[in-house]
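What follows is a set of notes on a single structure, which appears directly below.
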Amino acid sequence: MPELPEVEAVRRLLEPHFSNALITRVELRRADLRAPFPTGFESRLTGATVVSLLRRAKYLLATLSSGETLVMHLGMSGSFRVEGAAGVRAEGDREVLGADPHDHVVFHLHSGDVVTFNDPRRFGLMDLLSEAELTAHPVLSKLGREPLSNEFDAVALARACQGKKIPLKVALLDQRVAAGIGNIYACEALHVARLSPFRQARTIATPAGAPRETAHRLARAIKQVLTRAIEAETRNARSSRFRVYDRTGQPCPRRGCGGTIRQRIQAGRSTFYCPRCQR
DNA sequence: ATTGAGACCTGTCGGC
DNA sequence: TGCCGACAGGTCTCAA
C-alpha cells in the first residue's frame, strides 16, 4: 500500500507507539526481505529508544538513542500492525493456529505494545544506518524534494524536468524529481493538471529551466492530490476515490469533458489518463 | 545519458 | 472446482 500518502498514514499510526518507546526485544523471522537485514539487527535495536519517527519520500526513518537510524520501506505489500496487551493474547492464539507466515519482524516495546511488520511480497526493506551512512546513502541522499514541503514548487519541478526527454509521467516516478510519488498519484496529478502523461518532461520548463504555466499547474496538482489522499487515508476511507487510476473505460470525471479513461503502458507501468482533456 | 526489459516474490482475479 | 496467465500501489540492475 505504499506511495507517499499511505506511508505518511502509517507513520501517523506508528508514531504514538514508537516515539520515546524503549525497544525491549526484536524478533526476526527470516534473514532478508528485498535485501538481507543488517548484521546484528536485533541486538543493535534492543535497548534503544526511538527518538523520532520521520518519513522521507516512501521511507520511514526511526532515529534511535543509539545514534543509528532504522530505515524502513514497505515495498509493494508491506504493512504494520500494532497490538497492545490485549493483542498480545490474540497473537498467542494465532501462534497456536499457525502464525501468519508473512510476519517478518516483531518489535516488542517496553509499554507492552507489539508492532509487527508484515510483507507478503517481500519487496520491503529494513536497514540500520549511522549518521554518516545516511548522508552518503546512494538512494536516500539523492531523493528529490518532498512534494508537500515549501521548497517543492513550480520552480523546483521545472528545474528537475529541464531538458528531460522522457515522458512526463515517467519523470514523476523518478524519486529524484519528486520524492514519494508512485504510479497512482502520478496518474492522478497529471489528470488534475490536465497534462498528457506522454508529453516530454522538458515541455513544462523553458530551455533555461524556468517554469511554464504547466509547471505551476502540475506542482499545484501534486500537492492537492497528495494532501487529499493523506486525509482520506488517515480517515480510514479506502480506494475507489481515484479520478483515473484503474478506471479504464469509465467517463472522465472532469465536468463537461465527456472523454473516456484509457490505459497504456509506460516504462512497464500502467498509465491511466483521459485523452480528451489531458494535453 | 537514457531507457526499456527483466528480476525480485506472492496474492488475487478473470477466463477457460 | 481447478489450473493458468496476467497483473499489482516499488526499486534495482543490466544491456542497448
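Note on naming: letters A, B, ... go to the chains in the order of the sequence lines (proteins, then strands), and numbering restarts at 1 for each one.
The list of salt bridge (charged side-chain N to carboxylate O under 4.0 Å, His left out) pairs with a residue in residues 135-155 of chain A, not counting sequence neighbours, reads A:Arg55-A:Glu146, A:Arg56-A:Glu146. Residue pairs meeting the side chain to side chain donor-acceptor pair (under 3.5 Å) criterion with at least one partner in residues 123-132 of chain A, sequence neighbours excluded, are A:Ser130-A:Glu133. The ring pair (Phe, Tyr, Trp, His ring centres under 6.0 Å) pairs that include a residue from residues 31-76 of chain A are A:Phe37-A:Phe41, A:Tyr59-A:His73, where partners are two or more places apart or lie in different chains. Screening residues 259-275 of chain A for salt bridge (charged side-chain N to carboxylate O under 4.0 Å, His left out), with sequence neighbours left out, gives no hits.
Rounded to an integer number of Å, the gap from A:Met126 CE to C:dT11 C1' is 17 Å. Taking atom CD on A:Gln266 and atom P on C:dG10, their separation rounds to 14 Å, with Å as the unit. Rounded to whole Å, atom P of C:dT11 lies 11 Å from atom CG of A:Leu140. One interatomic measurement links the two molecules: CZ of A:Arg34 to P of B:dC9, which rounds to 13 Å at whole-angstrom precision. In this structure, the NZ atom of A:Lys169 is 11 Å from the C1' atom of C:dG9, given to the nearest Å. What separates CZ of A:Arg202 from C1' of B:dT2 is a distance of 13 Å, to the nearest Å. Between the CE atom of A:Met76 and the C1' atom of C:dC12 there is a distance of 13 Å, given to the nearest Å. If you take CZ of A:Arg176 and C1' of C:dG10, they are 15 Å apart, rounded to a whole angstrom.
Within residues 117-125 of chain A, the residues approaching DNA chain B are A:Pro120, A:Arg121, A:Arg122, A:Phe123, by heavy-atom distance under 4.0 Å.
At C:dG10, none of the side-chain N or O atoms of A:Gln175 fall inside 4.0 Å of OP1 or OP2 (strictly under the cut-off). OP1 and OP2 of B:dG11 both lie 4.0 Å or more from every side-chain N or O belonging to A:Ser77. Here A:Tyr185 does not reach the OP1 or OP2 of C:dG9: none of its side-chain N or O atoms lies under 4.0 Å away. Look at A:Lys58 and you'll find a side-chain N or O under 4.0 angstrom from OP1 or OP2 of C:dT11. Dashed line: the shortest gap from a side-chain N or O of A:His102 to OP1 or OP2 of B:dG11 is under 4.0 Å. Using a 4.0 Å cut-off, no side-chain N or O of A:His73 falls inside it from OP1 or OP2 of C:dG10.
Not less than 6.0 angstrom separates the ring centroid of A:Tyr245 from the ring centroid of A:Tyr185. You'll find the ring centres of A:Phe18 and A:Phe107 inside the 6.0 Å limit.
Across C:dA6 and B:dG6, the matching P atoms stand 13 Å from one another, rounded to whole Å. B:dC9 and C:dC14 have their P atoms separated by 16 Å, with the value rounded to a whole Å.
Smallest separation of non-hydrogen atoms from A:Ala9 and A:Glu233: CB-CG, 3.3 Å.
Taking 4.5 Å as the limit, every side-chain heavy atom of A:Ile184 sits out of range of all side-chain heavy atoms of A:Asp246. Contact annotation: the side chain of A:Lys223 never approaches that of A:Pro147 to less than 4.5 Å [non-hydrogen atoms, C-beta and beyond].
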Any chance you could encode DNA chain C as dot-bracket? Rule is Watson-Crick or G-U wobble with both distances under 3.5 Å; [ ] for pairs crossing earlier ones, | for another strand. .|||||||.|||||||

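With 3.5 Å as the limit, one finds no donor-acceptor pair spanning the side chains of A:Ser196 and A:Gln278.
Note on A:Gly182: only backbone sugar-phosphate atoms sit closer than 4.0 angstrom, heavy atoms only; bases stay farther off. Nucleic acid contact for A:Val170: none, since no nucleic acid atom lies under 4.0 Å from a heavy atom of the residue.
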